[in-house]
There are 2 protein chains.
Amino acid sequence: MTEGMDRKPTITDVARLANVSIKTVSRVINGERYVTEDMQTRVRKAVAELGFHPNLSARSLAGDRSFLIAHLYGDPSGTYTSDIQAGLLNRCREHGYHLLIEEIDYSSPDIEQRSSTLLHQLRLDGVVLTAPVTDNEIVQRVLERARIPHVRITPQRESDASPSVRIDEREAAVKLTQHLLSLGHRRIGFIKGSPNHAATELRYSGFCTAMEEAGVEIESDLLEKGRFTYASAVPCARRLLARDDRPTAIFASNDEMAAAVIAVAVEQGLTLPRDLSIVGFDDTPMAQMLSPALTTVRHPVREMGEAAADILFAAFAQRGQAASTSPAPHRVLPYEIILRQSTSVAPAQAAAAKKAATKKAR
Amino acid sequence: MTEGMDRKPTITDVARLANVSIKTVSRVINGERYVTEDMQTRVRKAVAELGFHPNLSARSLAGDRSFLIAHLYGDPSGTYTSDIQAGLLNRCREHGYHLLIEEIDYSSPDIEQRSSTLLHQLRLDGVVLTAPVTDNEIVQRVLERARIPHVRITPQRESDASPSVRIDEREAAVKLTQHLLSLGHRRIGFIKGSPNHAATELRYSGFCTAMEEAGVEIESDLLEKGRFTYASAVPCARRLLARDDRPTAIFASNDEMAAAVIAVAVEQGLTLPRDLSIVGFDDTPMAQMLSPALTTVRHPVREMGEAAADILFAAFAQRGQAASTSPAPHRVLPYEIILRQSTSVAPAQAAAAKKAATKKAR
DNA sequence: TGAGAAATTGACAGCGTTGTCTGAATGGCT
DNA sequence: AGCCATTCAGACAACGCTGTCAATTTCTCA
């Protein structure tokens, strides 16, 4: 790389050095067809020699790509957001794209103003939506009108208009609940998440399905409303555990709230999991750090970010071609039930099991 | 806002509608001097009516601002990265800027290539560096050469060349260690963090200072090397607690590693904090979720992000003016020692204290 | 061998802003 | 009244790239 230039090299400098037209340089940079080997090498050599990097502003102004995608989120909770972003970045790196992040207050009245500014100022090539923004109609409308490809992560419902990435939250909740049922639990408390997250109702619905299928009555007294945070779950846990007929198990809608349940249980002198089984959801790093380590569902968040990016880049690749022929793709990633130490047989049954074991031992 | 346009409105459209020149529109948008009230309102009305948003690519191509800043990091650990970004975003929002994030592998050989691409392609107005990237010389050199304002968060040393934001890590470690000493601990294990984080040596150095000042010998056997992760600290904790003369307290260089110590201690049947006192560092949300809740240092991460952004925006404001007159600003934010349940009097002393109490009670 | 198709390169006009320069109007001062 | 400084508005040329179109060469197949 030759130094000494005080000005950043432009495509013109490269063209001059390689003794070709700027258009040819542009062709090589963009990997267009119809350039001979000879030209390619000549141009590449000049590019390397000058340390040339095409100016993104100019490219986006002249062409119709900005090499920018954005992650819109409304709830920077825990590691979720950064895991999604890690996934997106992995793919961006491979494709020479850059990632912009924007937190938008979904409850604010100027959300239309803000999102519209964001999308019109920058000429975003694509957008990824998570958490409460996923289902925000205003943002969706703005994106639709601006015709910006976007992927919704964990949407309420799959829509034909936009692709999505998710896991089968309902099914995972069913399986997790069945695990508790199989351990003999019948009185199971449930702590819901934030009402504006699609996952909240999906997880609860899965819980209900499993309970009904098992013929176990769902007691509305054992349903608590949290907001996916530790703090929000503390009073929920207190109420559930203060009852004379306290549940033998609690299904917290995410790991953070499960951590709160553990803390409250320990505080009240319960021995875990003997006196109370607890399950979480997401398998955040915290899940294995808790004691007892948490039985939960592995939520492949980073992979979901990668999948979302894959969908976007695939869309970019076939841009301009038959647009509305194929319906929007919907990817459903595999989850996994992770059994750890926070769940065990229900108290009553535990006694019975012990008796049986003793009998057998004789 | 009038709909129906299939093309995004440009400055020309605004100029035509307001019946002024595009330059005047530009002046109003940028808040330049020499525009009459009358003109201002006329232009603003037209802008509102068309729903005009100036195109960032064009602005950055024509002018010398991109309205983009980037966060470069090399270690997306836990909530640290997202907290920094939350702080940056808070300020970006106020100033109409956007935030780009880029994870760079500091150990990779193409780091120069990657950072240089990043900085030349996009015309970044400023950059914020955290964690291992803060002290990476290659990145610093590239930034310096490109004359891009940048702020280093938690640097090894304050440099005249670039501003920085930090807390007094050494002093905080001193205080935290003194807390342990005051509880009677003398045999204190220490688990270091990753070697490429400046905080690692600073925290250890603070620990050593406090020990020396108290006239307590530092046993090299009680020094373990972790990497700021839970997993890395597990074997460290095992080694420390397997000793016959195990320490009565352990100073883990961050909360995550402290969590590992707690887990190992519990696993080995120790009662906390009676048998072992543990301190962490950072006061991540996890610290209060652990049991026992962790004594630690509150690290104002989000505020540090905000402070970094403030420094950048201040630099933008006085761009072009007397450049090198004032030295680079260095902000040192306040920390706080948070006492929770993971620390108590050292075992031997505990017995003595008990005896005293009993005596008094008679 | 010739005609049409395909491959290869270049000239040049934008893309939507801001910077520079020029011109006109206004104001204050002798 | 005359002159200079200041305020205000517009014309026009960049900024660095890509898209379009035209020109030239090379290939393909009858």
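Quantities reported herein were computed from a predicted structural model and do not represent experimental measurements. The chains referred to below are lettered A, B, ... by the order of the sequence lines, with proteins before strands, and numbering in each begins at 1.
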Using the side chain to side chain contact (heavy atoms under 4.5 Å, CB included) definition, which of the options A/Val20, A/Thr10, A/Asp13 pairs with A/Val25?
A/Val20
Spacing of A/Gln121 atom CD relative to C/dT18 atom P, expressed in whole Å:
11 Å
If we ignore angles and hydrogens, is there a donor and acceptor under 3.5 Å between the side chains of A/Arg42 and A/Asn19?
no
Nucleotide N/O to protein N/O under 3.5 Å, stretch nucleotides 8-10 of chain C:
from, atom 1, to, atom 2, distance (Å)
C/dT9, OP1, A/Thr36, OG1, 2.9
C/dT9, OP2, A/Thr36, N, 3.0
C/dG10, OP2, A/Ser21, N, 3.1
C/dG10, OP2, A/Ser21, OG, 3.1
C/dG10, OP2, A/Thr24, OG1, 2.4
C/dG10, N7, A/Arg27, NH1, 3.3
C/dG10, O6, A/Arg27, NH2, 2.8

How long is the line joining CG of A/Leu61 and P of C/dA13, in whole Å?
17 Å
Rounded to whole angstrom units, what separation is found between the CZ atom of B/Arg59 and the C1' atom of C/dG19?
14 Å
Atom-pair distance (CG on B/Asn55; C1' on C/dT18), nearest Å
13 Å
Examine A/Tyr97 together with A/Phe316 and report whether their ring centres are nearer than 6.0 Å.
yes
Given A/Ser162, A/Pro155, A/Pro163, the one that forms side chain to side chain contact (heavy atoms under 4.5 Å, CB included) with A/Ser159:
A/Ser162
Among C/dG14, C/dT17, C/dG16, the one nearest A/Ala62 by side-chain distance:
C/dG14
Counting only heavy atoms not in B/Arg331 (residues, nucleotides, ligands), do more than 12 fall under 6.0 Å from its CZ?
no
Send over the distance from B/Arg65 CZ to C/dT18 C1', rounded to a whole Å.
10 Å
From the 5' end of DNA chain D to its 3' end, which nucleotides mark the outer limits of contact with chain B, defined by a 4.0 Å heavy-atom distance cut-off (strictly under)?
D/dT7 to D/dG16
